[in-house]
Amino acid sequence: MLKFFERLPLAIIFAVLGAGLVLGTLVMTRPLFRLYLSAHDAPPLAGMQIHQARPRFSLKGIMDGSFQKSMELFMEDVFPLRAAIVRATNQVYYSLFARAYMYSNKIVIGKRQYLYETSYLQRYCNTQRDQQTPEEFERWAKNIERLGDFFAQRGQTFLYVVTPSKVAYYPEYIPQWLGCNLKPPRPDYLLAAAALPRTHVPYIDLSKLVIDGKGKYPLPLFNRGGTHWNMLAVALSAREIVAKISAQGKWQLPEVRFTYTIDNHPDGTDTDLLDTLNLWSPNRNYLAARVRFAQAAVIKPRAPRIVMIGGSFMDQLFDALRETNIFESLDYYNYLVMYHIHHPSQAPSSPPPSPYTAEYYRELLAADIVILEENESYLE
């Protein structure tokens, strides 16, 4: 009996390896078996999927190990139950340990299952980084002022916009283990908010707008499972931006009008972090806003052309302003050089212009209104 227990672990190892070999062989050689397993798999995994090509056998690849590594990645990609295994594993870590390992470990599970991106937490809590000085932010604000002067000299209306961070909206759900340094929180934002009023640059602090609106509406302006503001926050911000442009005097724009309904079926950006977790049973039971914009009458003799430069928060704002029908055209430059979207859509040029050529910025230089956005977590 003693020898039996001594040999049991080795027997289990060989049984698992043997079962894996048999299953792998069936998956590779029997399409019907693979189809059967695929039919019983979990939903496809969210996020970027890099599909691996079938590796080519070679003696050199065997000797240097590249063939084995390529085969491992290929089997991970084609194995029919991969999604189910990944989702089940993620669910165990999420439910039992409040941990997530998708998105390169960049998602933090806070109290009451509120999700945060690590980079926003680090900026808010000022963890492992040196706080910048008021003098540095004075120079930062002057640089924005000079940029505004550049566009003003060209006859273009300029507006600088600060967007909010989910961590600043929901600091109460930051997990205790993070050791958040709250002396003070969001130090860069506070320095920027003090420096901007000492310039003549037109700006609007949407972070203050959204955080001041906490508790004033039937639902929060950031959702539990997303990293971005929800569409109600976007609509409120679009209204403030258009009003600020009109207040500068050159363009008198119609007021942004909208209505909204509420349900508990969030999707899209309301679940962008939750979807990325790839859980077996994600909890989507929280409120979401459905916004409908009233279309403005066409401005005569011509509506202005507007360009927005900024990060991911401007994706939703681009969609909102497009729906208002206030502008003749809208352009969005994601982080200036990442990609460029134009409305109304145009036939894509072949090849598209490089972001390091003048052609890429044609709409920017021809616009009537230029908006530059930065999130409060990345002001420097």
Side-chain angles (χ1 to χ4, degrees), residues 132-165 186 188-210 234 236-253 256 299 302-318 320-321 324 326-338 340-343 355-356 358 360-380:
Q132 299 200 54
T133 65
E135 292 74 21
E136 288 174 312
F137 269 93
E138 290 292 336
R139 291 193 293 271
W140 165 84
K142 286 297 181 182
N143 286 335
I144 296 175
E145 186 178 60
R146 283 192 287 271
L147 183 62
D149 290 342
F150 167 80
F151 288 110
Q153 290 167 5
R154 294 175 49 85
Q156 296 171 284
T157 298
F158 177 76
L159 180 63
Y160 177 74
V161 169
V162 178
T163 50
S165 158
R186 51 203 301 233
D188 291 351
Y189 167 79
L190 296 178
L191 291 172
L196 280 172
R198 291 194 283 271
T199 69
H200 61 255
V201 64
Y203 77 96
I204 182 167
D205 187 349
L206 296 179
S207 182
K208 185 177 188 305
L209 171 77
V210 170
V234 172
L236 295 168
S237 299
R239 185 171 65 188
E240 290 298 313
I241 285 174
V242 170
K244 186 72 173 182
I245 293 171
S246 294
Q248 293 191 49
K250 186 172 182 178
W251 296 95
Q252 294 303 308
L253 305 177
V256 172
I299 301 175
R302 182 180 69 81
R305 297 161 296 181
I306 187 170
V307 164
M308 297 184 295
I309 307 165
S312 57
F313 278 73
M314 300 304 279
D315 281 287
Q316 296 158 277
L317 192 60
F318 176 85
L321 293 179
T324 65
I326 290 176
F327 302 98
E328 178 182 298
S329 66
L330 293 93
D331 288 88
Y332 166 45
Y333 289 84
N334 180 264
Y335 292 105
L336 188 61
V337 298
M338 296 297 291
H340 169 217
I341 304 174
H342 179 82
H343 173 78
Y356 304 103
Y360 183 80
Y361 302 102
R362 181 180 58 185
E363 282 79 11
L364 171 60
L365 298 176
D368 301 299
I369 302 166
V370 176
I371 294 177
L372 173 62
E373 176 267 346
E374 290 186 288
N375 189 267
E376 72 157 75
S377 296
Y378 297 97
L379 302 173
E380 56 185 5

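Everything numeric here is computed off the predicted structure, so don't read it as measured data. Along the sequence shown, the residues carry numbers beginning at 1.
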With a 3.5 Å cut-off and sequence neighbours excluded, list the donor-acceptor pairs that the side chains of residues 239-247 form with protein atoms.
residue	atom	partner	partner atom	Å
S246	OG	V242	O	3.3
S246	OG	L253	N	2.9

List the atom pairs, with distances to 0.1 Å, where a side-chain N or O of residues 303-312 and a protein N or O form a donor-acceptor pair under 3.5 Å, not counting sequence neighbours.
residue	atom	partner	partner atom	Å
R305	NE	D368	OD2	3.3
R305	NH2	A366	O	3.0
S312	OG	H228	NE2	2.6

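A 4.5 Å side-chain heavy-atom check between F318 and V234 finds every atom pair outside the cut-off. Between Y160 and L196 there is a side-chain heavy-atom pair separated by less than 4.5 Å. With contacts defined as side-chain heavy-atom distances shorter than 4.5 Å, the pair I144/T199 does not qualify.
Residues satisfying the side chain to side chain donor-acceptor pair (under 3.5 Å) criterion with S207, sequence neighbours excluded, are R186, E376. Residues satisfying the side chain to side chain donor-acceptor pair (under 3.5 Å) criterion with Y203, sequence neighbours excluded, are absent altogether. Legend: residues meeting side chain to side chain donor-acceptor pair (under 3.5 Å) with E363, ordered by chain and number and at least two apart, are absent. Qualifying side-chain contact (heavy atoms from CB on, under 4.5 Å) partners for K208, counting only residues two or more places apart in sequence or in other chains: Y189, D205, D212. Remark: N334 engages Y332 in a side chain to side chain donor-acceptor pair (under 3.5 Å) (not counting sequence neighbours). Partners of Y378 by ring-ring contact (aromatic ring centres under 6.0 Å, His included), not counting sequence neighbours, listed by chain and number: Y120. Remark: F158 engages F151 in a ring-ring contact (aromatic ring centres under 6.0 Å, His included) (not counting sequence neighbours). When the salt bridge (Lys or Arg N to Asp or Glu O under 4.0 Å) test is applied to R198, the partners found at least two apart in sequence or on another chain are E138.
Interatomic distance, F137 CZ to Q132 CD, rounded to the nearest 0.5 Å: 4.5 Å. If you take CG on D331 and CG on L364, they are separated by 8.5 Å, rounding to the nearest 0.5 Å. Atom CD1 of I371 and atom CG of L159 lie 5.5 Å apart (nearest 0.5 Å). Rounding to the nearest 0.5 Å places CG of L330 at 9.0 Å from CG of L317. In this structure, CG in L206 is found 10.0 Å from CG in L236, a value given to the nearest 0.5 Å. Going from atom CG of N375 over to atom CZ of F313 covers 5.0 Å, rounded to the nearest 0.5 Å.
Residue pairs that meet the salt bridge (charged side-chain N to carboxylate O under 4.0 Å, His left out) test with at least one member in residues 145-157, sequence neighbours left out, are K142-E145.
Panel note: side chain Y333, backbone Y360; a donor-acceptor pair is recorded below 3.5 Å.
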